[in-house]
Enquirer: 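Have a look at this one.
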Amino acid sequence: MSAPLLQVESLAVRLQTAQGERAVVDDLSFAIDAGETLALVGESGSGKSQTALALMGLSARGARLGGRMLFDGEDLLSASAERRRQLRGPAMAMVFQDPMSSLNPYLSVGLQLAEVLETHRGATRGQALAEAECALDAVGLSAPRTRLAQYPHELSGGMRQRVMIAMAMLARPRLLIADEPTTALDPTVQRQILRLLERLRREQRMALLFITHDLGLVAEHCERVLVMYAGQVVESGATAQLLRRPRHPYTAALLNARPGAGTRPGTPLAALPGQPPDPRQMPPGCRFEPRCALRQADCRDPGLLWQSDAQGSRGWRCRHPLASRG
Amino acid sequence: MSASTLRRLAQAVPSLFVLLTLTFFMLRVAPGGPFDTEEGITPQTRAQLEAAYDLDQPLSTQYLRYLLRLLRGDLGPSYQYPDRSVNEIIGAGLPVSATLGSLAIVTGLLLGLSLGVAAARRRDGAVDRLVQGFALLGVSIPQFVSAPLLILVFAVGLRWLPAGGWNGHAADWLLPVIALALPHVAIVARLSRNALGDVLQAPYIRTARAKGLPERLVIWRHAMRPTLLPVLSYLGPAAAATLTGSVVVEQIFGLPGVGRYFVQGAFNRDYGLVLGVVLLYGTLIVLFNLIVDLLYARLDPRLRA
């Protein structure tokens with residue numbers, strides 16, 4: 001078996017805030033193979049986006065990173081800032097959540113696309129624009145030539161997200177990180193964008209790290225999933241297995257909180273009570289313990305370890321996991 | 001020139017008319033007259049002088065005659081310099097003031113922007129603190145302090161540059177331009193430092209970095225336009241004021257610019273001269289605000305419609 005495209009080992013991200021240092025990602029490990037889709041699921045503030053930014057080398061100034069990130073065997077944390085910059089684009093690219101604010105309102109679509117190729121391949125403006133036109137065509141935008149001369153405010157939200165995707169794909173990245181790429185879009189457009197990402201991934205054998213809070217999307221589009229809570233992975237495994245038989249109570253609670261096909265209108269959803277823990281006062285043992293319906297006396301003991309099944313394909317961070325068969 | 005630009009220019013005419021009218025009557029409300037300071041003139045001479053300049057006519061007649069002359073582009077006579085018209089005085093002073101002023105504005109923009117960018121790249125870093133300190137100093141030291149200090153250091157102390165005067169040497173310009181530019185450099189540095197600092201937090205800047213663009217492009221291509229907007233809002237009116245000459249700087253360096261005449265004119269109740277300079281200043285304000293608006297539209301595509 002060859003080495004994975006991206007291997008993350010015990011990643012830790014600590015940010016400087018006005019209240020002092022805050023650990024936003026803790027002991028995060030995972031790997032993605034070329035061409036694979038991995039989902040990173042969790043509620044707001046669980047550390048998903050901070051993980052993505054750390055991978056891209058775009059963490060806020062003053063952030064302290066620990067652990068290891070190997071991209072195609074290259075250690076990202078010890079790479080120079082200049083080397084990280086060169087990697088952004090041809091090695092890894094990112095699509096952001098809000099296409100309204102993620103494109104520069106002052107610059108034409110064509111320029112924002114062309115500069116990617118000018119930077120990474122030394123293309124001339126003419127070559128770059130010609131290729132940008134093809135890229136817009138490939139993401140399903142009509143009249144791509146006209147689009148090049150337009151500005152972001154002249155495009156709809158769905159069109160802008162297609163531009164964002166075309167921009168991320170231009171340098172043919174081997175890993176695409178999509179951070180809630182469809183959250184700001186309406187449901188019909190969501191489906192189109194997801195299908196587009198799926199098609200591009202297959203065509204270019206690109207790995208996709210798909211960040212979302214929507215388990216429905218995960219079920220449809222991703223092979224494996226990591227569930228994050230309060231900066232840690234609480235459960236990981238193959239999507240179908242994990243969704244059918246969650247081992248961690250948090251995953252189970254997330255699944256219960258979504259409306260299913262059989263949910264009748266007016267039925268209240270099983271909302272998860274309580275709030276995620278304050279990062280300055282993390283519970284010493286299981287971070288989910290204060291909200292967990294199944295907590296036991298020893299859940300607060302420190303030294304909670306990651307456990308995995310015999311094959312190592314599934315893991316969970318819980319002393320009292322739900323039964324694997326039931 | 002587009003229709004909207006022409007419309008804006010047409011709108012400026014009533015504004016200037018109001019400015020002119022207000023200035024005309026306010027000058028007359030102020031106590032004293034143009035020949036009060038003349039010594040030893042007989043009442044007859046005084047009456048003759050006033051008749052020569054229409055000052056014996058009712059105010060409304062004077063106002064109408066002034067307007068009619070103005071329509072022909074004639075700003076009238078100066079009461080203080082009988083051999084020169086206001087047109088001639090402004091024509092002689094404006095090139096001096098405008099040359100120094102435009103040099104000062106360009107220096108303010110280029111140097112201020114460079115300082116602001118250097119400061120914003122590392123907020124709260126050593127460079128930022130230095131620039132902030134300089135900016136505070138630059139806006140708080142008035143020119144009647146900075147100009148003599150410059151003379152003291154570079155002309156009297158080091159003897160590098162002339163202390164004043166206007167002999168057509170480039171060296172004559174240097175100290176006045178520095179004195180004129182200093183507040184502009186300081187304010188532009190502050191404005192651009194704050195604006196760029198905010199812009200660099202924008203999601204589209206993160207996108208630009210995520211594309212792997214070098215920091216040079218991130219700043220000068222992606223962040224510069226929104227940074228320039230507040231700078232331009234300041235520089236437009238500031239340019240109008242600086243080009244019409246600084247009273248203080250022209251007085252201290254002994255330069256024959258418009259600013260000096262303006263103050264002397266106000267002291268001497270030289271109605272025609274003051275009106276002429278006010279009108280020039282007003283016109284430049286209108287003009288530069290128009291230029292700023294056009295530049296805004298150039299910089300921000302959302303304003304082009």
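Below, chain A is the first sequence line, B the second, and so on; all start at residue 1.
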Enquirer: Which heavy atom in R206(B) sits nearest to a heavy atom in L58(A), and how many Å separate them?
Expert: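 Closest approach of R206(B) to L58(A): O-CD1, 4.1 Å.
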
Enquirer: Any idea which heavy atoms bring P301(B) and P105(A) closest together, and the distance?
Expert: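 Closest heavy-atom pair between P301(B) and P105(A): CG-O, 3.1 Å.
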
Enquirer: Got a sec, which pairs hit salt bridge (charged side-chain N to carboxylate O under 4.0 Å, His left out) with one end in residues 104-129 of chain A, sequence neighbours left out?
Expert: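 Salt bridge (charged side-chain N to carboxylate O under 4.0 Å, His left out) check on residues 104-129 of chain A returns E115(A)-K211(B), E115(A)-R221(B), E118(A)-R125(A), R121(A)-E131(A).
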
Enquirer: Determine the option with the most heavy-atom pairs under 4.5 angstrom with chain B, choosing from L111(A), V116(A), L53(A), D98(A).
Expert: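 Most heavy-atom pairs within the cutoff with chain B belong to L111(A).
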
Enquirer: Go through the atoms of A210(B) and report whether side chain, backbone, both or neither lie under 4.5 Å from a heavy atom of chain A.
Expert: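 Backbone plus side chain of A210(B), per the 4.5 Å heavy-atom cut-off to chain A.
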
Enquirer: Can you check whether anything in residues 176-185 of chain B gets within less than 4.5 Å of chain A, heavy-atom wise, and list it by number?
Expert: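 Interface residues of residues 176-185 of chain B: none, nothing closer than 4.5 Å to chain A.
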
Enquirer: State, with a plain yes or no, whether a side-chain heavy atom of L229(B) is found less than 4.5 Å away from one of Y106(A).
Expert: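 Counting from C-beta outward, L229(B) and Y106(A) do come under 4.5 Å.
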
Enquirer: Quick check: do Q112(A) and T207(B) have side-chain heavy atoms less than 4.5 Å from each other?
Expert: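 When only atoms from C-beta onward are counted, T207(B) and Q112(A) do not touch, as no gap falls below 4.5 Å.
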
Enquirer: Looking only at heavy atoms, which of residues 110-145 of chain B get nearer than 4.5 Å to chain A?
Expert: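 Residues in range: R122(B), R123(B).
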
Enquirer: Tell me, out of A208(B), P214(B), A202(B), who's got the most heavy-atom pairs with chain A below 4.5 Å.
Expert: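 Counting heavy-atom pairs under 4.5 Å, the top option is P214(B).
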
Enquirer: Which atoms of R61(A) are under 4.5 Å from chain B, going by heavy atoms: the side chain, the backbone, both sets, or neither?
Expert: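 Just the side chain, heavy atoms under 4.5 Å.
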
Enquirer: Which residues from residues 278-300 of chain B are near chain A, with near meaning under 4.5 Å between non-hydrogen atoms?
Expert: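 So the qualifying residues are L299(B), D300(B).
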
Enquirer: How long is the span from the CE atom in M94(A) to the CZ atom in R209(B), to the nearest 0.5 Å?
Expert: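 M94(A) atom CE to R209(B) atom CZ measures 14.0 Å (nearest 0.5 Å).
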
Enquirer: Please classify the contact of L103(A) with chain B as side chain, backbone, both or neither, using a heavy-atom distance under 4.5 Å.
Expert: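 When you check distances to chain B, only backbone atoms of L103(A) fall under 4.5 Å.
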
